[in-house]
2 protein chains.
Amino acid sequence: MTRSGADLALLLLGGFRALADAAGAELEARGFPDVRPVHDFAMRAIAAGAGNTSELGRRLAVSKQAAAKTVAVLEERGYVARETDPGDARAKRLQVTPLGFEVLRQGEAIFDQLRGQWEQQIGPEQLAVLERQLQVLVGDSPIRLDTPGWMAREIG
Amino acid sequence: MTRSGADLALLLLGGFRALADAAGAELEARGFPDVRPVHDFAMRAIAAGAGNTSELGRRLAVSKQAAAKTVAVLEERGYVARETDPGDARAKRLQVTPLGFEVLRQGEAIFDQLRGQWEQQIGPEQLAVLERQLQVLVGDSPIRLDTPGWMAREIG
DNA sequence: TGGACAAGGACAACTAAGTTGTCTAAGTTA
DNA sequence: TAACTTAGACAACTTAGTTGTCCTTGTCCA
């Protein structure tokens, strides 16, 4: 069967959404409603060393204002703490709270479990091949997988 | 190599974005700036028989208000025409203009061309397998590929 | 045939996640 | 010390959605 390029794009997006929707629902069921992929990215970046909001914006390839809004949400929900930086009176230091780390841990577990279901459906070797091929195709494009700036924008 | 489930989700989204970004850029280069996937979906639905805004909303799995906004944009840009329905004084009949059809045609051609590039990179059989596997995985999920309501929402 | 309900569409206010632009305060450097 | 640069706050705007309210028109049925 010869498919169109548009179909291919839809399959990819559909695959992502199938995983993301299921993960979001499960995370909600586990007591973490309203956790979005963006929050996961942000917490991961902070845990990996983004010490303040401006730095977080740079790592996520997003304006510092956008980063500040995300941090505000995360702080409000108790996933990230902000304290004044002792070494720089301008800055507020960012830290992922234990609750934040718990979300990260559970999110990972959920995604791994979903991947396990896919493995059962098409087989481990097949899934590995699919991942390898996607890696080639995406790696050959300008898309960087570790920044979420391109996520929300331009999707619709 | 054992990958995480989160990596898999990112690869899928990244693959989609690689295609969508390239297609958007090419469409812009061909003289159609600001055409979004949502517009493509909407025009296709209208061409396929969504005769008014409320019906369009239902087909796209989106509120009629959201559909009305999309139609307003498409009308402003000359891709869709609205005329009063002779048989129902409440309704405005929707039609894709020749310019709208031109966008659809070129969009298809661009996506097919991009798919061709991927075929060259991993081989036609491999790409067909990838598509078949994705079809299985997505077909097994609640995701419907012909409605864009889930596109913009919940991505970030 | 009239009265109740359904449907199309307009208008307004809101959300989420981004954007630019402007501003202050605090470090850094020549 | 004066001139940048940086961190962050605040405001206004964008896009694609959401609810809710309202008016008008069409349909159905007792």
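Throughout, protein chains are lettered first and strands after them, A, B, ... in sequence-line order, and every chain is numbered starting at 1.
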Flag, side chain of B/D85 to backbone of B/A91, donor-acceptor distance under 3.5 Å: no
Single-linkage hydrophobic cluster, 4.5 Å side-chain cutoff, A/V129 and B/V136 together: no
Nearest-0.5 Å distance that lies between atom CZ in B/F41 and atom CG in B/L104: 11.5 Å
Verdict with reasoning, B/E102 to B/Q106, per side-chain hydrogen bond (donor to acceptor under 3.5 Å, both in side chains): CA-CA 6 Å; B/E102 181 62 19; B/Q106 297 219 24; 2.8 Å; yes
Rounded distance (Å) that lies between atom P of C/dG18 and atom CZ of B/R17: 13 Å
Between C1' of C/dG18 and CZ of B/R36, the distance in whole Å: 13 Å
Positive for side-chain hydrogen bond (donor to acceptor under 3.5 Å, both in side chains) with A/Q133, one of B/Q126, B/Q133, B/Q121: B/Q126
Stretch residues 73-92 of chain A: residues that reach within less than 4.0 Å of DNA chain D through a heavy atom: A/R82, A/R90, A/A91, A/K92
OP1 or OP2 of C/dA7 under 4.0 Å from side-chain N/O of B/S54: no
Check: A/T53 side chain, A/A68 main-chain N or O, donor-acceptor pair, under 3.5 Å: no
Sidechain N-carboxylate O distance under 4.0 Å for B/D40, B/R44: yes
Sugar-phosphate only, base, or nothing, as touched by B/R58 at under 4.0 Å among non-hydrogen atoms: sugar-phosphate
Show me the protein contacts with nucleotides 19-21 of chain D, counting only N or O atoms at under 3.5 Å.
residue : atom : partner : partner atom : Å
D/dG20  : O6   : B/Q65   : NE2          : 2.6

Presence of salt bridge, B/R105 and B/E108, under 4.0 angstrom: no
Phosphate OP1/OP2 of D/dA7 contacted by A/T53 side-chain N/O (<4.0 Å): no
Atom-to-atom span, CG of A/L60 to P of C/dG18 - whole angstrom: 8 Å
Protein-nucleotide distance (A/D34, atom CG; C/dA16, atom C1'), rounded to Å: 11 Å
Atom pair distance, as rounded to whole Å: NZ in B/K69 and P in C/dG9: 16 Å
Nearest-angstrom distance from the residue atom CG of B/N52 to P of D/dT25: 16 Å
Donor-acceptor contact present, side-chain A/R59 to main-chain A/A48, <3.5 Å: yes
